[in-house]
Participant: 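First, the structure itself, so that you have it in front of you.
Reminder, nothing fancy here: chain letters follow the sequence lines and each chain counts from 1.
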Amino acid sequence: MALKFKNSLTGVKEEFTPIQQGKVRLYTCGPTVYNFAHIGNFRAYVFEDLLRRYLKYKGYELTQVMNLTDIDDKTIRDSQAEGISLDAFTQRYKDAFFEDLDTLRIERAEEYPAATDHIPEMVEMIKTLKEKGFAYEVDGNYYYRIDKFDDYGKLANLDRDGMKAGARVASDEYEKDSVSDFALWKAWDEKDGDVYWETELGKGRPGWHIECSAMSMKYLGEHFDIHTGGVDNMFPHHENEIAQSEACTGHKFVNYWLHCEYLIVEGRKMSKSLGNFYTLRDILDKGYSGLAVRYLLLATHYRQQLNFSLKGLDAASAALERYNDFVTNLGEFEGGESDGSAAGVIDKALAGFEEALDDDLNISGALGVVFDFIRDINRLRTEGTLSSAERDKALETIEKFDTVLGFAQEQEQLDDKVEQMIAQRTEAKKNKDFATADRIRDELTAMGIILEDTPQGVRWKRKV
RNA sequence: GGCGCCAUAGCCAAGUGGUAAGGCAGGGGUCUGCAAAACCCUUAUUCCCCGGUUCGAAUCCGGGUGGCGCCUCCA
């Protein structure tokens, strides 16, 4: 079965065909590094991680680029408020961003270009746009003339007549020929302080949209396969990227556009005034694991609004525990007498998993298949009708799934104190001193260590 | 005013014409010193409402109701 994506550009599901056979070039809109990213931001990055991992699962050679927006109104404003340099300010949030990616087990992209490292590329592009008549200058500011680009609005499905009646068409602080034209380059102004570049365009800084056009084309070429982001980036950001890039090159920019839906919190849009605004760090502080957040963000289809709640995190933790207990239990199983059914279970799971994900990354369907697989193999294990060879096949299968899911917990070392407590409990149990044994077990539970007595002896695991 | 999305069990969430996946939570059982884990049974005669098409609709069409998003720098 073939991989299909719902393409925002056409509005329909399309079979995915890369430009170069076997290779995928992917651009994923990244963060503006002016604060810690919130869980809504990470919903998009987790979705992109799923896309990335599944493309690799399918055998594609992948080049993923994610930009870091380290120059815009907010980074300037907030760095000045703190009285530190723009670089020092954004570096802090770049570092935090990468830490958060690790917490969520998001695989690294091949490139993370920062906007401030690509000013010359942007300047070149703006010059080309000016030469071709798509850009004009007013007092050192450069704007894109959208009337010149016939296809403007094709991604967001907006027509310019409809836009005239728009609810939020406010007059800009700069003088533009049309209110809809957007800034490519902003002339320096006192508020910018020491943030500016002296270029052929004059003293100033780039607009927001131009960085993604310039950097994506630098690393992926003028025409590449997939571009993703949140639905809120569809307009104006991605629409403007298309306008800039295609005006510049004269040909198609991107084949497939994928947009992930919003995350809402307890049924409402996440906002500071409602008190339901969470960064990843806020969630971790409440004692939830990064893995639980990953599960919750991943488990809902990307084009569906995701309802984030603390109750949902509890459910996610429990589901992860089932998943990881499965792997542990299976790994420790010695093997029994095969009844011949394992091969069918495994084949069905592999086929179902791919069929679901091939269908526009239907992760919920895929997880359904994974948990069916877990139950089926657990049953064979419990009944002793799984051979050691079949056990190994089943382990390979879940490991294969995990290259996409990233749910497996790594084993960690126990500290000496905990190890001693476990030994004491085992001793007490041997002496039938169950009161002491249970007391120690309760203490460990309070420390987040769960004990399980198995035929092979006591086993521990950390609460997810 | 324009464009678009959504409504499935207590919660989360697949399924888009063939008779309701999966996870969590709940109930009963097996196992266990007790637990935990695991397994078995169980929890929506029904998919927001009203019409229509069809042998057959959660799925298609029409009309409501409710919620949400975008319409110039928010993933």
Participant: Distance alone, cut at 3.5 Å: any donor-acceptor contact between the side chains of A:D442 and A:T445?
Facilitator: no
Participant: Provide the Watson-Crick or G-U wobble partner of B:rA38, both distances under 3.5 Å; none if there is no partner.
Facilitator: B:rU30
Participant: Going by centres under 5.5 angstrom and planes under 30 degrees, do the aromatic ring of A:F434 and the base ring of B:rG33 stack?
Facilitator: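 Whether judged by distance or by angle, A:F434 passes, so it stacks on the base of B:rG33.
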Participant: Whether A:N362 contacts B:rG15 is assessed here as follows: a side-chain N or O lying under 4.0 Å from the phosphate OP1 or OP2. Is that the case?
Facilitator: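 For B:rG15, OP1/OP2 do have a side-chain N/O of A:N362 under 4.0 Å.
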Participant: Phosphate oxygens OP1/OP2 of B:rC12: is one of them under 4.0 Å from a side-chain N or O of A:N307?
Facilitator: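 Yes, such a contact exists.
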Participant: Using a cut-off of 4.0 Å on non-hydrogen atoms, how would the nucleic acid contact of A:G229 be classed: base, sugar-phosphate, or nothing?
Facilitator: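 Sugar-phosphate only.
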Participant: Kindly say if A:R322 contacts the phosphate of B:rA38, meaning a side-chain N or O under 4.0 Å from OP1 or OP2.
Facilitator: yes
Participant: Whole Å only: how far is the CG atom of A:D376 from the P atom of B:rG23?
Facilitator: 11 Å
Participant: Donor-acceptor pair, A:Q305 side chain versus A:L263 backbone, under 3.5 Å?
Facilitator: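 The answer is no, because no donor-acceptor pair under 3.5 Å joins these two groups.
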Participant: For A:H238 and A:W257, take the angle between the two ring planes, folded into 0 to 90°, and tell me which bin it lands in: parallel under 30, tilted 30 to 60, perpendicular over 60.
Facilitator: tilted
Participant: With a 4.0 Å limit, can you tell me whether A:Q305 has a side-chain N or O closer than that to the phosphate oxygens OP1/OP2 of B:rG67?
Facilitator: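 Checking A:Q305 against B:rG67: no side-chain N or O falls below 4.0 Å of OP1 or OP2.
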Participant: Is it true that the side chains of A:Y34 and A:D72 contain a donor and an acceptor less than 3.5 Å apart?
Facilitator: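 On atom types as modelled, these side chains do not qualify, holding no pair under 3.5 Å.
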Participant: Should the pair A:H227 and A:Y27 be assigned to parallel (<30°), tilted (30 to 60°) or perpendicular (>60°) ring geometry?
Facilitator: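 Because their plane-to-plane angle lies in the 30° to 60° range, the rings of A:H227 and A:Y27 count as tilted.
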Participant: Rounded to whole Å, please give me the gap between CG in A:L313 and C1' in B:rC11.
Facilitator: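 Computing the A:L313:CG to B:rC11:C1' distance gives 13 Å.
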Participant: By the 4.0 Å heavy-atom rule, please label A:I363 as base, sugar-phosphate, or nothing.
Facilitator: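 It contacts nothing in the nucleic acid.
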Participant: OP1 or OP2 of B:rG22 versus the side-chain N and O atoms of A:R375: is any pair under 4.0 Å?
Facilitator: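 Checking A:R375 against B:rG22: at least one side-chain N or O falls below 4.0 Å of OP1 or OP2.
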Participant: Counting only side-chain nitrogens and oxygens, does A:R379 get under 4.0 Å of the OP1 or OP2 atom of B:rC40?
Facilitator: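 It does, given that an N or O in the side chain of A:R379 lies less than 4.0 Å from OP1 or OP2 of B:rC40.
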Participant: Starting the side chain at C-beta, find the nucleotide from B:rA37, B:rC74, B:rC70 nearest to A:K74.
Facilitator: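 Nearest listed nucleotide: B:rC74.
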Participant: In the structure shown, which nucleotide is the Watson-Crick or G-U wobble counterpart of B:rA57, with both distances under 3.5 Å?
Facilitator: none
